[in-house]
Number of protein chains: 2
Amino acid sequence: MATLKDVARLAGVSVKTVSNVVNGYSFVKPDNRRRVEEALEATGYRPNLGARNLRRGRTGFIALVLPELSIPYFAELAGLVIAAAQEHEWNVLIEQTFGTLSGERSALASLGPHLVDAAILSPEALEVEDFQLSVPAVILGEHAVDVPISRVGIDNVAASKAAVRHLISLGRTRIAAIGAHPQRGTAALRLEGYRAALAEADLPFVPSLVVPALNYHRADGAAAMKALLDLREPPDAVFCFNDLLAIGAMRAAAERFVRVPSDLAVVGFDNNEESVYSSPSLTSIAPDKAAIARRAVDLLHRQVGSGPGREDVETPFSLQVRESTVAR
Amino acid sequence: MATLKDVARLAGVSVKTVSNVVNGYSFVKPDNRRRVEEALEATGYRPNLGARNLRRGRTGFIALVLPELSIPYFAELAGLVIAAAQEHEWNVLIEQTFGTLSGERSALASLGPHLVDAAILSPEALEVEDFQLSVPAVILGEHAVDVPISRVGIDNVAASKAAVRHLISLGRTRIAAIGAHPQRGTAALRLEGYRAALAEADLPFVPSLVVPALNYHRADGAAAMKALLDLREPPDAVFCFNDLLAIGAMRAAAERFVRVPSDLAVVGFDNNEESVYSSPSLTSIAPDKAAIARRAVDLLHRQVGSGPGREDVETPFSLQVRESTVAR
DNA sequence: ATGAAAGCGCTAACAA
DNA sequence: TTGTTAGCGCTTTCAT
């Protein structure tokens, strides 16, 4: 692999001149510039990023810390973050935590300033004392504990309220919720929105209709739904805290011959691509994922260099109404 | 951030000794070791990976080049590759190509030996002359053109044959195929398996029952299925070259009130998690993705240092029979 | 406008 | 066993 020195020797100039050309600096004598460019071409020179970054004191990477890529929401988000990072010449390093405290801690621990310039976090279990980051960071979605770190995401309370209001507008009165979780900040907020919408419509809050979920996978949604259907008075609607839970819930309903939406209306959260093609298709809260990714990366880019500084960005969402609440 | 020198000064030893301790080399006098370890602890020293790798001539990264993370198969695979890479102290850099030739070319171009130690590729459009890689690489799945690069994947012909044989064993005789593609190597092989299974059962090969798909998204499967249902003699079964196409096909069938599996049996390929929870659940070829990820990473690890060398690894697969072919 | 040389933090010869 | 030192490839003063 050709180095700057090789190119310099071939062009008959100093490394400085070559470096100037490569980086588009200052004025290089046209004659030298031409010679250098020819040498660059001839050697197929490619800068050694490691060396450059060592010198510049930056790494050229940002970390994206998330539970798992096999969860569609995070996979879609990761794709968008990679695209957004590219615009700032950043490469993205993905770390999976599997939503465990130890996984999240070890991901954070590996985030030395030597490895990444900044980090995007989707924590689920971290505690306040864990947030001693050595690089600028931004949290996606809310977190249970209040930490002095920037945040990008939608208004979870408002979004959940919109989802439940929609169910109420359909005339449903026994509306269940799946996905309560003691640790997760977003779960608490979504529950809050759920309760607010019920209160607003003078519907009673029935604790037995709120089912917790330790994980937010399809299997958890199915299990929760089965429990709800076993109730003496089963719900006529259910608000699931993510689409995966909703997909699982619909599956469980189908297995019990409960019809969606006539017997049971279902709303999800995340608007996964999968939900557009399920049968029935799933009504869901659709956060603007592209906006989340772009704003998070931009925010980080601004923060690198200018020090920490907390900033909260609210991104838009919409309610996508589909067959799981309104038959076609 | 503390450097080796800082630690050395604090411990009253040379950087070499500290380096030795950090890297677990040779014998360090117990007394010194203790002092160094205390200093390490006190300073919170973390090695600068960039500098270390610059010196060692490696980068600590491998690239994973794939079409897009929003495709569940690649998202699941990426998660497994990240996990496997961790065992070799590799970080994974994901590059999305969106399946285009230009996207794949620019991804390869950015793969200087300075950036990554090796690469895992899932190419779809690359041509033979593009494979002038400067680092060890392995291709996941087959590729249309024959290149001297290692390969890890299942036997696509055998897998497709198994899928179609299953449909034949159900008594289906007009079996369609969705996903033919002029460029993709895997598409050609899956088509080959499809034809072989038909021939084996003395079923005619009907060209109009083979529908191409430019992309392998759900929408493409739906469009293809609609075309098939418009045929004068529609199929009684369909083999889709991936699960996404199959999900789209089932959706299109449902919209036309065609019942799965009674009117139409459907088989997919990839065994996405999504397919277990769809209604009806989807019969699918299940490649052992964890094995693919692990073998690919291991192979690369062996190849780094020992030079190129081509090696083909065949990983196992199975057929998961579900409701889309056998009603419960 | 260009060259010489220092140095980013680390590892590895080579000495001691 | 430990210290000294060169150098990985690059950028950047500081001269010229």
Side-chain angles (χ1 to χ4, degrees), chain A residues 1-40 43-61 89 112-117 134-135 304-305, chain B residues 1-40 43-61 89 112-117 134-135 304-305:
Chain A
M1 203 62 188
T3 72
L4 263 194
K5 211 152 85 177
D6 299 329
V7 179
R9 196 178 321 119
L10 186 62
V13 298
S14 78
V15 289
K16 176 67 200 319
T17 305
V18 181
S19 176
N20 281 343
V21 172
V22 170
N23 292 292
Y25 284 167
S26 64
F27 287 45
V28 178
K29 224 187 315 196
D31 191 49
N32 276 344
R33 175 178 296 276
R34 195 185 40 71
R35 302 235 307 286
V36 169
E37 276 164 355
E38 280 171 16
L40 247 20
T43 53
Y45 172 79
R46 312 266 307 162
N48 180 324
L49 280 308
R52 171 180 289 177
N53 291 332
L54 173 59
R55 182 61 236 222
R56 284 189 180 159
R58 63 188 294 272
T59 70
F61 294 98
E89 302 200 299
H114 307 310
L115 192 59
V116 297
D117 297 328
S134 51
V135 293
V304 167
Chain B
M1 204 63 189
T3 73
L4 263 195
K5 211 152 84 177
D6 299 330
V7 179
R9 195 178 323 119
L10 186 63
V13 298
S14 78
V15 289
K16 178 68 200 317
T17 305
V18 181
S19 177
N20 282 343
V21 172
V22 170
N23 293 292
Y25 284 167
S26 66
F27 289 44
V28 177
K29 221 185 320 194
D31 191 49
N32 277 343
R33 176 178 296 277
R34 194 184 41 72
R35 301 236 305 287
V36 169
E37 275 164 355
E38 279 171 15
L40 246 22
T43 54
Y45 172 79
R46 312 267 308 162
N48 179 325
L49 281 306
R52 171 182 289 177
N53 291 332
L54 173 60
R55 180 64 236 226
R56 285 190 179 159
R58 62 189 292 273
T59 70
F61 295 98
E89 302 200 300
H114 306 310
L115 193 58
V116 297
D117 297 328
S134 50
V135 293
V304 168

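Values below: every heavy atom of this structure, side chains too, minus hydrogens, waters and symmetry copies. Below, chains carry the letters A, B, ... as their sequence lines are ordered, and counting in each starts from 1.
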Rounded to whole Å, CZ of B/Arg52 lies from P of C/dG9 at a distance of 15 Å
Less than 4.5 Å apart, side chain to side chain, heavy atoms only: is that true for A/Asn23 and A/Arg52? yes
B/Arg55 atom CZ is separated from D/dG9 atom P, nearest whole Å, by 10 Å
**Study point:** A/Thr17 vs C/dG3: side-chain N/O to OP1/OP2 distance below 4.0 Å
**Key:** yes
note: B/Leu54, atom CG; D/dC10, atom C1'; distance rounded to Å ~ 8 Å
Residue pair A/Arg56/B/Arg56 against DNA chain C: nearer the 5' end by closest nucleotide is A/Arg56
When rounded to whole Å, the CG to C1' distance for the pair B/Asn20 and D/dT1 reads 9 Å
Check: So do B/Val22 and B/Ser19 actually touch side chain to side chain, heavy atoms under 4.5 Å?
Finding: no
Check your understanding: Between B/Asp6 and B/Arg9, is any pair of side-chain heavy atoms under 4.5 Å apart?
Key -> yes
In whole angstroms, the gap separating P of C/dA12 from CG of B/Asn53 amounts to 11 Å
So A/Asn23, base contact, sugar-phosphate only, or nothing? Heavy-atom distance under 4.0 Å. sugar-phosphate
*asked:* Does C/dT2 have OP1 or OP2 under 4.0 Å away from a side-chain N or O of A/Asn32?
replied: yes
### Query
Is a side-chain N or O of A/Thr43 found less than 3.5 angstrom from the main chain of A/Ala39, in a donor-acceptor match?
yes
From CZ of B/Arg35 across to C1' of D/dG3 the rounded distance in Å is 14 Å
Between NZ of B/Lys5 and P of C/dT11 the distance, given in whole Å, is 15 Å
Can a side chain N or O of A/Ser19 be found less than 4.0 Å away from OP1 or OP2 on D/dT11? yes
When rounded to whole Å, the CG to C1' distance for the pair B/Leu4 and C/dA12 reads 13 Å
Among the nucleotides C/dA12, C/dT2, C/dG9, whichever has the atom closest to the side chain of B/Lys16 is C/dA12
Margin query: Side chains of B/Asn48 and B/Thr3, heavy atoms from C-beta outward: is any pair under 4.5 Å?
Written below: no
Problem - Under-4.0 Å side-chain N/O to phosphate OP1/OP2 contact, A/Ser14 with C/dG3 - result: yes
Taking for B/Ala51 and for B/Val15 the nucleotide of DNA chain D with the nearest heavy atom, the one nearer the 5' end belongs to B/Val15
